[in-house]
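Some notes on the structure that comes next.
Worth saying up front: this structure is predicted, and the values here are computed from it rather than measured. The figures that follow rest on heavy atoms only: side chains count, while hydrogens, waters and symmetry mates do not.
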Amino acid sequence: MTYGEMYRRGEQELLEAGIEEAGLEARLLLEHVCGTNRNDLLAHGDRMLEACQTRNYEGLIKRRKKRIPLQHLTGEQEFMGLTFSVDERVLIPRQDTENLVEEVLRNLHDGMKVLDLCTGSGCILVSLLHYSNDCQGVGADISEDALAVARRNAERLLGREALAGDGQEFAQAGEGAERENCPGSGQGAAGEGRVRFVRSDLFAGIAGKFDIIVSNPPYIVRDVIPTLMPEVREHEPVLALDGGEDGLAFYRRIAAESGEYLYGGGMLFLEIGYDQGESVSALLREAGFLDVQVVKDYAGLDRVVYGTWRFE
């Protein structure tokens, strides 16, 4: 079967399975199998596929029809112009989250120290360090599985030398070694690397102060999760989705505790759901943050809330 025929067959099968962007996904899966790009469909659509390529493609189409996310099949997702490794252990980076990163970058200066809570794949922190100079970062997550993915992304996109240690010292949150070596604590040895990943339930394993704290925490209302698309509710970690009974559980904790970990004039940036701008803004103001702002995404929906910590 030719390249073009196999693409059309895959597209039809995905259409019949109710996949919304069947044509795009059929092409992306074929490019993944064959190591080609979007031009090959037009320029070389009549070339014959190898038998192994046909089998691999048919296998991926079959799995996609079962609503396994495209990104889990290819093992990657583009974010902020970078290619991140992803799998079922982490939330797939969304384009909406690029609004959060872009907002932080507007306020990130050389040499700053950044804490990324609920880091997941590490896409936020790695992107910030990739597009800045001489900044240090700590990525915290309660899931060691997620941290393994984040470390892999940091090593691949920032270089092995950027990693502070191999991460094994952070197997348990709250241990002394974990706190002593966090960039931002003032106790890390020079040359250890500029990014460290810590197993921690929000701030439980963190010490020291930072210039910026950023987070895309779980914010889906618990009762809404069963109504999400099967790609999300069945294949992405519930731990990264469940924001409690009202979706605000993590925001309450982050807003209340962040001040202890920010320098005066430091900033907190949070991604939010489209209907959470007013509620999260109120939490930040109640906690003592100043100049609290809500930023809309490209669709005109509330997407980011940020505020500045007061000088004491």
Side-chain angles (χ1 to χ4, degrees), residues 71 75-93 97-98 100-101 104-105 108-216 237 239-240 261 269:
Q71 295 86 347
E76 60 185 38
Q77 171 66 15
E78 295 292 322
F79 182 83
M80 291 296 297
L82 305 171
T83 301
F84 285 85
S85 295
V86 295
D87 57 31
E88 68 281 354
R89 295 175 289 178
V90 297
L91 195 69
I92 297 167
T97 304
E98 293 188 354
L100 175 64
V101 175
V104 175
L105 284 172
L108 183 63
H109 305 295
D110 293 357
M112 281 189 167
K113 296 170 183 175
V114 181
L115 172 62
D116 176 22
L117 298 174
C118 308
T119 194
S121 67
C123 65
I124 294 172
L125 183 59
V126 171
S127 296
L128 291 172
L129 296 182
H130 177 83
Y131 291 113
S132 63
N133 297 311
D134 301 320
C135 291
Q136 289 181 303
V138 174
D141 203 291
I142 198 171
S143 168
E144 185 58 49
D145 285 338
L147 292 171
V149 178
R151 292 186 189 107
R152 185 172 69 206
N153 281 319
E155 180 177 343
R156 189 166 55 82
L157 294 169
L158 300 177
R160 178 181 291 272
E161 68 281 0
L163 282 170
D166 61 6
Q168 296 306 310
E169 64 269 39
F170 302 139
Q172 299 295 324
E175 293 184 354
E178 179 177 311
R179 291 213 271 260
E180 290 171 4
N181 291 320
C182 281
S185 67
Q187 300 172 24
E192 280 189 337
R194 59 196 182 101
V195 59
R196 187 181 295 275
F197 293 99
V198 181
R199 183 168 182 258
S200 177
D201 181 1
L202 294 183
F203 294 101
I206 303 299
K209 291 184 181 290
F210 298 83
D211 299 288
I212 286 177
I213 297 175
V214 60
S215 184
N216 177 20
L239 200 64
Y261 300 89
F269 293 83

Atom of [X], atom of [Y] and distance for their closest heavy-atom approach:
| X | Y | value |
| --- | --- | --- |
| Y261 | G208 | CD2-O, 3.4 Å |
| S127 | C123 | OG-O, 2.6 Å |
| I206 | A140 | CD1-CB, 4.2 Å |
| L129 | Q136 | CD2-C, 4.1 Å |
| N153 | S121 | ND2-O, 3.0 Å |
| R151 | L163 | O-CD1, 3.9 Å |

Give the intermediate values and the outcome of side-chain contact (heavy atoms from CB on, under 4.5 Å) for residues V101 and F79.
-> CA-CA 10 Å; V101 175; F79 182 83; 3.8 Å; yes
Check: G120 main-chain N/O paired with D141 side-chain donor or acceptor under 3.5 Å |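 Indeed, once roles are kept as given, a pair shorter than 3.5 Å links the two residues.
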Looking at I212, V214, L125, I213, which one forms a side-chain contact (heavy atoms from CB on, under 4.5 Å) with L115?
->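 The passing option is I213.
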To the nearest 0.5 Å, how far apart are [atom1] in [X] and [atom2] in [Y]?
| X | Y | atom1 | atom2 | value |
| --- | --- | --- | --- | --- |
| L100 | S215 | CG | OG | 8.0 Å |
| N133 | D110 | CG | CG | 4.5 Å |
| Q71 | I92 | CD | CD1 | 4.0 Å |

How far apart are the C-alpha atoms of C135 and L108, what are their side-chain angles, what is the distance that settles it, and do they pass the side-chain contact (heavy atoms from CB on, under 4.5 Å) test?
-> CA-CA 9 Å; C135 291; L108 183 63; 4.0 Å; yes
Determine, stepwise, if the pair T119 / I124 fulfils side-chain contact (heavy atoms from CB on, under 4.5 Å).
-> CA-CA 7 Å; T119 194; I124 294 172; 6.0 Å; no
List the atom pairs, with distances to 0.1 Å, where a side-chain N or O of residues 80-88 and a protein N or O form a donor-acceptor pair under 3.5 Å, not counting sequence neighbours.
{"unit_1": "T83", "atom_1": "OG1", "unit_2": "E78", "atom_2": "OE1", "d": "3.3"}
{"unit_1": "T83", "atom_1": "OG1", "unit_2": "E78", "atom_2": "OE2", "d": "2.3"}
{"unit_1": "S85", "atom_1": "OG", "unit_2": "R156", "atom_2": "NH2", "d": "3.4"}
{"unit_1": "D87", "atom_1": "OD1", "unit_2": "R89", "atom_2": "N", "d": "2.9"}
{"unit_1": "D87", "atom_1": "OD1", "unit_2": "R89", "atom_2": "NE", "d": "3.2"}
{"unit_1": "D87", "atom_1": "OD2", "unit_2": "R89", "atom_2": "NE", "d": "3.1"}
{"unit_1": "D87", "atom_1": "OD2", "unit_2": "R89", "atom_2": "NH2", "d": "2.8"}

Mind checking what makes side-chain contact (heavy atoms from CB on, under 4.5 Å) contact with I142, not counting sequence neighbours?
->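 I142 satisfies side-chain contact (heavy atoms from CB on, under 4.5 Å) with D201, L239 once adjacent residues are dropped.
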Sequence neighbours left out, what passes salt bridge (Lys or Arg N to Asp or Glu O under 4.0 Å) with E155? Give chain and number order.
->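 Checked E155 against salt bridge (Lys or Arg N to Asp or Glu O under 4.0 Å); matches are R160.
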side-chain contact (heavy atoms from CB on, under 4.5 Å) between L105 and L128, intermediate numbers included = CA-CA 7 Å; L105 284 172; L128 291 172; 3.8 Å; yes
